[in-house]
Every structure is written in C-alpha cells, then in structure tokens.
Peer 1: 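Take a look at this one; I'll ask things after.
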Amino acid sequence: MSRSPQQNEFVFFTRNLLKWYHAHGRDLPWRRTADPYAIWISEIMLQQTQVATVLPYYARFLSRFPTLRDLAAAPLDKVLKSWEGLGYYARARHLHRAANEMVARFEGNFPSRFEEILSLPGIGRSTAGAIATIALGQRHPILDGNVKRVLCRYFCVEEDPKKKETEKQLWQFSEKLLPRKEPDHYTQAIMDLGATICTPAEPRCPLCPVRNQCKAFEKGVQGRLPMKALGKRVPERDYVAGVLFRGKRVLIRRRPAKGLLGGLWEFPGGQVDLDGKGRSVEKKITEALRKEIPWRVDQWSPWGKVKHTFTHFKMTLHVYSGRSGERQGQNTDEQKWVDVEALSDYAFSSAHQKILLKLKEPTDGQRRLFS
DNA sequence: TACTCGTGGAT
DNA sequence: TATCCAAGAGT
C-alpha cells in the first residue's frame with residue numbers, strides 16, 4: 001500500500017508534531033484531569049483568551065463550582081462574579097445555562113455524543129470538537145486561531161481565512177491531518193505549536209518540528225500568513241456614570257441580561273452624545289444623569305474620567321458624584337443601595353472597577369465625597 | 001456575511 | 001504608546 005505525496009505530507013506533519021509534543025508540550029492544569037466538566041470549563045475560558053490569563057480563573061472557578069451540579073445550582077450572579085474581569089460575559093451566562101440544560105436533559109452528566117455537546121449554548125463546532133476529542137477520546141477536528149495559523153502556513157494558504165471557501169478548506173485540512181492514534185494528544189499538540197512556536201509575529205521556525213515540509217517557510221512568507229484584513233478604526237463614545245451616595249451607601253444597577261456586559265452591575269449611567277454644539281459638556285452629562293436617576297440629587301459634580309478600550313469602540317467614561325435625598329429610589333432586583341465595603345460582592349466590568357478602586361481609597365474617594 | 005462581544009499580554 | 005490579537009460563538 002503506497003501513499004500519495006499529499007498523504008505523505010500529512011503523515012510527516014502528524015508524526016513529527018506528536019513527537020515534538022511528547023518532549024515539549026505544556027503542562028497545564030486542565031491536562032491533569034479527565035473530567036469532561038473541568039475540560040469544558042477550560043475550553044470556554046480559553047476562547048479568545050490567553051492561557052496565562054485563564055490560569056487563576058480556572059482554579060478559582062473549579063474550587064467554587066467543583067461539579068456540573070454545583071454550577072447548575074448556583075445563582076447566575078455568583079457565576080458572573082467568578083467571571084469578573086475575564087470578559088465576554090456571554091460565556092459565563094451560556095456556561096450557567098448549559099449546566100442547567102445538562103441537568104435537565106442528561107441527568108446531570110456531561111453528554112458523550114458530539115451532536116449533543118454541540119447543541120449546548122456557548123459551544124460551537126471547534127469547542128465541541130476539542131471537548132469530544134480531549135475529554136472523551138473521540139476524533140473530531142478543531143479550527144481555532146492556532147490551528148488556522150499553523151495550517152495557513154504549512155499549506156501556504158494565501159487567501160483570507162475568514163472567507164467561506166477558505167475556512168471550508170482549512171476544516172478539511174484539519175480533518176485530514178487528525179490521526180487515528182492519539183487524536184487527543186495531537187489536538188493539544190497543534191495548539192501548543194501555534195501558541196509557542198508558530199506564533200503570530202516572529203515565528204520560531206528553527207525550533208519547529210514540521211518546518212521541512214512547511215510551504216510558507218519554504219517560500220519565506222510565514223511572517224505574513226495568515227492573511228489579515230486591514231484594521232478598521234474603532235469609534236469613540238462618551239459614557240457617564242453617577243456615583244450616588246445616600247448616607248454611606250451607594251446606588252448600583254444591574255445591566256440588562258443580554259448584550260454588552262450583560263448581567264453585570266454598574267454605577268448608573270449610559271452613553272451620552274457630547275459632539276453637538278450648544279450646551280456645555282457638564283450640562284449634557286447632568287441632564288443624562290437626571291434621566292437615569294429621576295429623583296432629587298443635590299449637585300452632580302465631576303469626579304474624574306476613566307478611559308477604556310473595548311474590541312469595537314473606545315469609551316471615555318465621565319464619572320460624576322452626588323448625594324441623594326433620603327427614602328428615594330428603592331431596592332429592587334435590578335437596583336440596590338450598597339455599603340462601599342460590600343461592593344466587592346457584586347460583579348463589575350473592568351471600567352467600573354476603576355471607579356470602585358478610587359472609591360475605596362480613603363484619601364481621595366470618600367473623604368472628598370463626605371467632606 | 002458582517003457585526004457584536006472584554007480584557008490583558010506581547011511587541 | 002499604539003496596535004495586534006488570543007483555545008470563537010451567537011445573531
């Protein structure tokens with residue numbers, strides 16, 4: 001039985017990659033468990049997030065929610081608090097929802113069929129493939145950022161990987177390369193290669209176990225693959241946040257359950273349009289705050305600015321402080337008066353964390369507000 | 001298809 | 001300091 005040249009190319013890749021992995025693969029906590037639940041958590045956390053960032057979150061999350069049933073039984077607020085600062089909070093909401101679905105649909109067990117895994121919220125084709133392969137010993141391809149980059153270089157794909165046709169081709173490569181033996185180790189190996197050797201900038205080709213067959217390396221074009229779309233400039237938007245005191249408590253609100261930072265808590269406010277001419281910036285901001293907080297507040301006054309960059313826009317957060325009259329604005333599910341010391345029980349976005357930090361400085365924050 | 005959705009590490 | 005972009009999914 002003889003192999004075609006392309007088959008040889010695939011076998012070379014797989015064999016050398018696996019050999020390299022057994023010598024140089026990373027030792028990561030989610031590789032020290034066989035629990036599909038824990039591996040699922042790691043895969044979700046690792047979506048669009050670097051390993052170094054995930055490590056402390058992974059340990060904390062599993063100590064708070066050791067099993068699937070623990071996660072399903074927990075209030076969403078507690079899950080979001082564990083996710084605080086990690087970003088892409090829909091991942092946490094989906095995780096919580098998926099855990100409850102698994103209790104309802106699979107008696108609290110992690111499903112074993114690929115289609116069932118794929119049907120859970122927050123799990124797409126690539127993540128389902130990773131879980132089925134790594135946690136359950138099955139054989140399903142993945143196509144994450146690492147694999148895309150490695151394949152675009154190894155096969156010298158000079159098309160935009162976002163194009164439908166190109167992506168389809170990359171899935172086919174991923175499928176064909178996936179070996180019958182050790183598909184789990186292979187899958188982790190190709191991600192390790194992408195993360196440590198075949199890096200976006202300045203790949204370390206001299207250390208690469210498959211460079212001899214890498215078409216991009218052969219042509220010397222590995223540095224400009226995969227093709228990337230030209231970066232669009234992100235819009236800048238102004239937001240306002242009001243830190244409203246009533247006695248020694250401050251007012252916080254829960255954001256809507258979906259969308260940007262969905263389910264997190266924040267100091268009341270929102271987007272303001274400061275571009276138009278006419279009234280002063282301070283006037284526009286206090287007007288926006290009056291709309292958010294309709295009852296009497298004596299003297300909204302500027303307290304500071306917070307700059308924050310999201311993926312798709314830059315935010316300037318104008319922070320104002322004020323004092324509320326007594327018995328105005330009641331506690332509800334979506335709105336609470338909270339002791340400054342108790343604010344850390346609630347999940348805030350990174351931008352509002354910057355406000356919180358300043359609030360806790362006795363020198364600047366409170367003393368000024370209470371004086 | 002193209003846009004939304006966070007944050008911090010790397011360079 | 002600015003830019004890229006990371007174990008993508010949902011709409």
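Because the structure is a prediction, the values reported are computed rather than measured.
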Peer 1: For A:Leu28, answer base if it contacts any base atom (sugar-phosphate contacts may also be present), sugar-phosphate if it contacts only those atoms, and nothing otherwise; contact means non-hydrogen atoms under 4.0 Å.
Peer 2: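 A:Leu28: base contact, heavy atoms under 4.0 Å.
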
Peer 1: Which sits closer to the 5' end of DNA chain B, A:Gln47 or A:Thr53, going by the nucleotide each is nearest to?
Peer 2: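 Going by which nucleotide is closer to the 5' end, it is A:Gln47.
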
Peer 1: To the nearest Å, how far apart are A:Met191 CE and C:dG8 P?
Peer 2: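 Rounded to the whole Å, the gap is 9 Å.
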
Peer 1: If you check every side-chain atom of A:Ser350, which of B:dG6, C:dG8, B:dG8 has the closest atom?
Peer 2: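 Nearest to the side-chain atoms of A:Ser350, counting from C-beta on, is B:dG8.
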
Peer 1: In whole angstrom, give the distance that lies between atom CZ of A:Phe310 and atom P of B:dC5.
Peer 2: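 Interatomic distance, CZ of A:Phe310 to P of B:dC5: 9 Å.
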
Peer 1: Check every strand shown and say whether A:Arg31 touches a base, only sugar-phosphate, or nothing at a heavy-atom separation below 4.0 Å.
Peer 2: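 Since a base atom lies under 4.0 Å of A:Arg31, the category is base.
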
Peer 1: Hey, does A:Ile142 reach any base, or is it just sugar-phosphate, or nothing, if we go heavy atoms under 4.0 Å?
Peer 2: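 No contact.
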
Peer 1: With rounding to the closest Å, how many angstrom separate the P atoms on C:dA7 and B:dC3?
Peer 2: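 The same atom, P, in both gives a distance of 23 Å.
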
Peer 1: Separation of A:Arg224 atom CZ from C:dC4 atom C1', in whole Å?
Peer 2: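 Interatomic distance, CZ of A:Arg224 to C1' of C:dC4: 19 Å.
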
Peer 1: B:dT7, B:dC5, B:dG8: which one has an atom nearest the side-chain heavy atoms of A:Leu260?
Peer 2: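 Among the listed nucleotides, the one closest to the side chain of A:Leu260 is B:dC5.
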
Peer 1: Closest approach to the side chain of A:Ser126, judged atom by atom: which nucleotide of B:dG6, C:dG8, B:dG8 is it?
Peer 2: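 Nearest to the side chain of A:Ser126 among the choices is C:dG8.
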
Peer 1: Donor-acceptor pair under 3.5 Å: do we get one between A:Arg91's side chain and the base of C:dA7?
Peer 2: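 Counting by modelled atom types and ignoring angles, no donor-acceptor contact under 3.5 Å is found here.
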
Peer 1: Name the nucleic acid region contacted by A:Ser349, choosing base, sugar-phosphate or nothing; use a 4.0 angstrom heavy-atom cut-off, strictly under.
Peer 2: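 Sugar-phosphate, backbone atoms only, no base.
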
Peer 1: Side-chain N or O of A:Arg149 versus OP1/OP2 of C:dA7: is the shortest distance under 4.0 Å?
Peer 2: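 Indeed, a polar side-chain atom of A:Arg149 lies that close.
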
Peer 1: Identify whether the distance between the nearest side-chain nitrogen and carboxylate oxygen of A:Arg69 and A:Glu107 falls below 4.0 Å.
Peer 2: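 Salt bridge absent between A:Arg69 and A:Glu107.
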
Peer 1: Over all strands shown, is A:Trp83 touching base, sugar-phosphate only, or nothing at heavy-atom distances under 4.0 angstrom?
Peer 2: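 No contact at all - A:Trp83 keeps every heavy atom at 4.0 Å or more from the nucleic acid.
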
Peer 1: Considering every strand and a 4.0 Å limit on heavy-atom distances, what is the contact class for A:Arg233: base, sugar-phosphate, or nothing?
Peer 2: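 Nothing, no nucleic acid heavy atom in range.
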
Peer 1: Starting at CD of A:Glu202 and ending at P of B:dA10, how long is that distance when rounded to a whole Å?
Peer 2: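 So the CD-P distance, A:Glu202 to B:dA10, works out to 15 Å.
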
Peer 1: Less than 3.5 Å apart, any donor N or O on the side chain of A:Asp184 or A:Thr187 sitting next to an acceptor on the other?
Peer 2: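 Side-chain D/A pair, A:Asp184 to A:Thr187: absent.
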
Peer 1: What is the nucleic acid contact for A:Gly262, judged by heavy atoms within less than 4.0 Å: base, sugar-phosphate only, or nothing?
Peer 2: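 The answer is nothing, as A:Gly262 stays clear of every strand by at least 4.0 Å.
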
Peer 1: Within the distance-only criterion (no hydrogens, no angle test), does the side chain of A:Asp35 pair as donor or acceptor with the backbone N or O of A:Tyr37 below 3.5 angstrom?
Peer 2: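 Yes.
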
Peer 1: Just checking A:Ile44: base, sugar-phosphate only, or nothing, at a heavy-atom cut-off of under 4.0 Å?
Peer 2: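 Touches nothing.
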
Peer 1: Does A:His308 make a side-chain N or O approach to OP1 or OP2 of B:dG6 shorter than 4.0 Å?
Peer 2: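 No, because none of the side-chain N or O atoms of A:His308 sits under 4.0 Å from OP1 or OP2 of B:dG6.
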
Peer 1: For the side chain of A:Val51, counting heavy atoms from C-beta on, which of B:dT7, C:dT3, C:dA7 is nearest?
Peer 2: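 In terms of side-chain proximity for A:Val51, the closest of B:dT7, C:dT3, C:dA7 is C:dA7.
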
Peer 1: If the test is side-chain contact (heavy atoms from CB on, under 4.5 Å), which one of A:Leu46, A:Leu62, A:Ile41, A:Ile134 qualifies with A:Trp30?
Peer 2: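 Running side-chain contact (heavy atoms from CB on, under 4.5 Å) over A:Leu46, A:Leu62, A:Ile41, A:Ile134 with A:Trp30 returns exactly one hit, A:Leu46.
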
Peer 1: A:His312 has a side chain; which of B:dG9, B:dC5, B:dT7 sits nearest to it?
Peer 2: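 So the nucleotide nearest the side chain must be B:dC5.
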
Peer 1: Let me spell it out: for each of A:Leu264 and A:Glu167, pick the nucleotide of DNA chain B with the closest heavy atom. Which residue's pick is nearer the 5' end?
Peer 2: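 Nearest-nucleotide comparison on DNA chain B picks A:Glu167.
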
Peer 1: Is any side-chain N of the basic residue among A:Arg32 and A:Asp27 closer than 4.0 Å to the acidic one's carboxylate O?
Peer 2: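 A salt bridge is present here (some side-chain N lies under 4.0 Å from a carboxylate O).
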
Peer 1: If you find the nucleotide of DNA chain C closest to A:Gly122 and the one closest to A:Pro200, which residue's nucleotide is nearer the 5' end?
Peer 2: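 The answer here is A:Pro200.
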
Peer 1: Could you tell me whether A:Thr49 contacts a base, only the sugar-phosphate backbone, or nothing, with contacts defined as non-hydrogen atoms closer than 4.0 Å?
Peer 2: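 Since a base atom lies under 4.0 Å of A:Thr49, the category is base.
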
Peer 1: How close or far is atom P of C:dA7 from atom OH of A:Tyr88, stated in whole angstroms?
Peer 2: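 Taking OH of A:Tyr88 and P of C:dA7, I get 13 Å after rounding.
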
Peer 1: With DNA chain C as reference, determine whether A:Arg97 or A:Asp144 sits nearer its 5' end, using the nearest nucleotide of each.
Peer 2: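 With A:Arg97 and A:Asp144 compared, the 5'-side residue is A:Asp144.
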
Peer 1: May I ask you to say what A:Lys228 touches in the nucleic acid, namely base, sugar-phosphate or nothing, with a heavy-atom cut-off under 4.0 Å?
Peer 2: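 Sugar-phosphate contact only - A:Lys228 comes under 4.0 Å of backbone atoms but never of a base.
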
Peer 1: Nearest 0.5 Å, please: how far is CH2 in A:Trp265 from OG in A:Ser349?
Peer 2: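 If we round to the nearest 0.5 Å, A:Ser349:OG and A:Trp265:CH2 are 14.0 Å apart.
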
Peer 1: Do A:Val240 and A:Lys284 touch side chain to side chain, with heavy atoms closer than 4.5 Å?
Peer 2: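 When only atoms from C-beta onward are counted, A:Lys284 and A:Val240 do not touch, as no gap falls below 4.5 Å.
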
Peer 1: What nucleotide, of C:dG10, C:dA9, B:dG6, holds the atom closest to the side chain of A:His94?
Peer 2: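 When the side chain of A:His94 is considered, C:dG10 is the closest of C:dG10, C:dA9, B:dG6.
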
Peer 1: Answer yes or no: side-chain N or O of A:Thr311 and base N or O of B:dG6 forming a donor-acceptor pair under 3.5 Å.
Peer 2: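 Donor-acceptor pair under 3.5 Å: yes.
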
Peer 1: May I have the distance from A:Ile131 (atom CD1) to C:dA7 (atom C1'), rounded to whole angstrom?
Peer 2: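 Whole-Å distance recorded here is 11 Å.
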
Peer 1: Figure out the CD/C1' separation between A:Gln48 and B:dT4, and round it to whole Å.
Peer 2: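 After rounding, the gap between these two atoms is 12 Å.
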
Peer 1: Rounding to a whole Å, what distance do you find between A:Gln353:CD and B:dG8:C1'?
Peer 2: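 In whole Å, B:dG8 C1' and A:Gln353 CD are 14 Å from each other.
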
